[in-house]
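Structure, as structure tokens:
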Number of protein chains: 2
Amino acid sequence: MVRLAMTQPQIEFRREEILDVALELFERGGIEAVSFRRIAFRLDCSYSAPYRYFASKHELLTALRARAFRWIEQRMVNAIAGSSSPIEQLRKLARAYMDAALELPDRYALMFFDIGDDDLDPSPELVEAKRAALGICTRVVAAAEKAGQLSLRVDPLSASHLFWGGAHGLVSLQVGSQFVMGRAYETLAPMMIDTLIAGLKAPP
Amino acid sequence: MVRLAMTQPQIEFRREEILDVALELFERGGIEAVSFRRIAFRLDCSYSAPYRYFASKHELLTALRARAFRWIEQRMVNAIAGSSSPIEQLRKLARAYMDAALELPDRYALMFFDIGDDDLDPSPELVEAKRAALGICTRVVAAAEKAGQLSLRVDPLSASHLFWGGAHGLVSLQVGSQFVMGRAYETLAPMMIDTLIAGLKAPP
DNA sequence: CTATTAACTTAATAGTGTTAATTTTATTCG
DNA sequence: CGAATAAAATTAACACTATTAAGTTAATAG
């Protein structure tokens with residue numbers, strides 16, 4: 001018979017507690033600042049204790065990444081709440097995505113930039129979080145097609161990959177401070193959205 | 001008076017030698033595999049010696065990143081060599097960029113994904129390498145406008161930011177294995193290029 | 001030859017992720 | 001309740017890491 005000293009909700013609570021501290025450390029000093037020693041110090045436990053909840057640092061960061069995807073998903077959901085027209089929703093959604101990325105660039109970078117072999121043993125939690133976030137986009141694209149506002153030449157999923165890709169590309173050039181566009185970004189962001197919508201519209 | 005035991009070219013040679021090993025280590029095992037100890041071991045010197053040439057690991061990785069930008073620049077330059085039409089060149093360039101990224105995804109990831117505070121003390125070498133790579137794109141865009149094949153609503157630099165962003169976004173979704181598009185990518189890559197060109201074309 | 005100095009080595013510091021052995025703590029059964 | 005049992009946390013250790021400082025070698029300029 002299996003006996004648990006902690007009930008499942010308690011375990012989940014402790015996990016979240018650890019992730020809270022990890023996120024705080026990350027947002028202050030990046031990925032390097034996240035260490036089991038530091039987490040343990042803030043949680044007033046030994047540096048080995050968090051291993052009961054996360055098998056490795058990679059697993060911890062993966063959970064953090066999943067959180068970030070759920071966060072940006074929420075931002076998109078909130079953004080489309082007021083609009084009824086799917087094409088309007090698509091615009092709002094893209095804008096919200098980009099704004100979120102620029103508002104917390106480090107968190108956004110975590111989602112995409114710090115990956116060490118995610119292929120092996122992909123976390124179901126992360127996969128689901130990504131799927132859900134992309135799902136918002138896919139649903140809106142599909143709705144726009146149904147409403148006759150978009151005539152897709154590919155399936156809605158592929159179309160939202162294209163859409164997401166465009167939005168992601170522009171902000172990540174800015175976020176990673178790879179190419180600073182400065183004020184030009186304010187012009188380019190709506191322009192990218194218009195361009196992508198136009199591209200999804202075009203009849204041959 | 002300043003005396004140098006090594007002439008400037010010799011110093012540059014040693015730097016390149018270190019970078020060669022660092023690149024090899026990186027392409028095998030990612031950023032974690034690059035360490036001064038391992039480099040030193042392969043170069044048959046003490047693990048402290050490379051510090052004469054790179055002040056920190058970050059500086060070493062920055063130099064490696066600059067190399068990668070020059071590499072992808074070369075790929076673009078090679079790609080446009082045969083074409084005379086600017087709009088054709090733009091297509092070829094974008095395709096070559098995306099192909100390069102997918103061919104050596106780890107190297108591409110290094111360019112964009114592993115950045116720890118690049119803002120402070122930006123390496124002139126890296127800044128120049130980025131500028132040069134983007135410059136290819138900007139020049140072709142400008143040429144296309146001059147030839148009447150593109151009617152830009154923004155300056156060529158901003159336009160190429162948009163263009164680069166779109167291409168980068170699509171491949172980086174694939175590269176980081178964030179969203180696997182599988183075969184759909186073959187469709188989406190040309191579609192993204194067409195979409196971006198159409199977006200840069202549109203008259204109001 | 002001697003002083004200088006670049007290049008390098010050795011040694012040490014402070015930190016990391018991770019594992020194993022051990023102790024503490026709490027729960028469940030008799 | 002008390003003893004058995006197992007979970008949770010701790011301590012200690014290992015094998016790394018980046019980085020710095022002090023000391024050494026070797027070559028060159030005057």
Side-chain angles (χ1 to χ4, degrees), chain A residues 1-19 21-22 25-26 28-65 110 114-118 120-121 123, chain B residues 1-19 21-22 25-26 28-65 110 114-118 120-121 123:
Chain A
M1 185 193 179
V2 179
R3 270 170 292 181
L4 289 173
M6 269 188 178
T7 63
Q8 198 61 34
Q10 276 176 322
I11 288 175
E12 207 51 48
F13 180 77
R14 197 95 175 97
R15 262 181 76 100
E16 293 300 314
E17 216 170 19
I18 292 167
L19 285 175
V21 176
L25 288 171
F26 173 80
R28 278 209 205 295
I31 215 148
E32 307 271 277
V34 179
S35 89
F36 280 26
R37 315 291 240 249
R38 262 196 270 264
I39 290 170
F41 180 75
R42 300 223 184 184
L43 248 46
D44 207 41
C45 64
S46 81
Y47 45 79
S48 187
Y51 274 93
R52 293 277 143 194
Y53 305 92
F54 299 96
S56 66
K57 183 175 182 180
H58 182 252
E59 198 172 303
L60 191 148
L61 289 175
T62 298
L64 223 52
R65 202 143 49 221
L110 177 67
D114 300 292
I115 300 136
D117 285 338
D118 209 6
L120 359 145
D121 189 32
S123 147
Chain B
M1 188 190 177
V2 179
R3 271 169 290 183
L4 291 173
M6 269 190 178
T7 63
Q8 197 62 34
Q10 275 176 322
I11 287 175
E12 207 52 46
F13 181 77
R14 197 95 177 95
R15 262 181 76 100
E16 293 301 314
E17 215 170 21
I18 292 167
L19 285 175
V21 177
L25 288 171
F26 173 79
R28 277 208 205 296
I31 215 150
E32 307 270 278
V34 180
S35 86
F36 280 27
R37 317 291 243 245
R38 262 196 269 263
I39 290 169
F41 179 76
R42 300 224 184 184
L43 249 45
D44 208 42
C45 64
S46 80
Y47 43 78
S48 186
Y51 275 94
R52 294 279 142 193
Y53 305 92
F54 299 96
S56 66
K57 185 176 181 178
H58 182 254
E59 198 172 302
L60 191 148
L61 289 175
T62 298
L64 222 51
R65 204 146 44 224
L110 178 67
D114 300 291
I115 300 136
D117 284 340
D118 209 5
L120 0 146
D121 190 31
S123 147

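Keep in mind that this is a model prediction, so the values were computed, not measured.
One interatomic measurement links the two molecules: CZ of A:Phe41 to C1' of C:dG15, which rounds to 15 Å at whole-angstrom precision. To the nearest angstrom, C1' of D:dA27 lies 15 Å from CZ of B:Arg52. Atom pair B:Ile39:CD1 and D:dT19:C1' shows a separation of 14 Å (rounding to whole Å applied). With rounding to whole Å, B:Asp44 atom CG is found 15 Å from C:dA7 atom C1'. To the nearest angstrom, P of D:dT17 lies 14 Å from CG of B:Leu61. Atoms CZ (A:Phe54) and P (C:dT19) sit 16 Å apart, rounded to a whole Å.
Remark: A:Glu59 pairs with no residue by the salt bridge (Lys or Arg N to Asp or Glu O under 4.0 Å) rule, at least two apart or across chains. Partners of B:Arg52 by salt bridge (Lys or Arg N to Asp or Glu O under 4.0 Å), not counting sequence neighbours: none found. Checked against side-chain hydrogen bond (donor to acceptor under 3.5 Å, both in side chains), B:Arg42 has the following partners two or more places apart in sequence or in another chain: B:Glu24. The side chain to side chain contact (heavy atoms under 4.5 Å, CB included) check on B:Phe41 picks up nothing, with sequence neighbours excluded. In this view, A:Tyr51 and A:Phe36 satisfy the ring-ring contact (aromatic ring centres under 6.0 Å, His included) rule, not counting sequence neighbours.
Checking the phosphate oxygens (OP1, OP2) of D:dA7, no side-chain nitrogen or oxygen of A:Tyr53 falls inside 4.0 Å. Between C:dC8 and B:Arg14, a contact under 4.0 Å exists linking OP1 or OP2 to a side-chain N or O.
Cation-pi geometry between A:Arg15 and A:Tyr53 is not met at under 6.0 angstrom from the ring centre and within 45 degrees of the axis.
Pair check for D:dG30 finds C:dC1; Watson-Crick or G-U wobble, both atom distances under 3.5 Å.
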Sub-3.5 Å pairs of nitrogen or oxygen atoms, protein against nucleotides 16-18 of chain C:
{"residue": "C:dT16", "atom": "OP1", "partner": "A:Ser35", "partner atom": "OG", "Å": "3.1"}
{"residue": "C:dG17", "atom": "OP1", "partner": "A:Val34", "partner atom": "O", "Å": "3.4"}
{"residue": "C:dG17", "atom": "OP1", "partner": "A:Lys57", "partner atom": "NZ", "Å": "3.4"}
{"residue": "C:dG17", "atom": "OP2", "partner": "A:Phe36", "partner atom": "N", "Å": "3.3"}
{"residue": "C:dG17", "atom": "N7", "partner": "A:Arg37", "partner atom": "NH1", "Å": "2.8"}
{"residue": "C:dT18", "atom": "OP2", "partner": "A:Tyr51", "partner atom": "OH", "Å": "3.3"}
{"residue": "C:dT18", "atom": "OP2", "partner": "A:Lys57", "partner atom": "N", "Å": "2.7"}
{"residue": "C:dT18", "atom": "O4", "partner": "A:Arg37", "partner atom": "NH1", "Å": "3.4"}

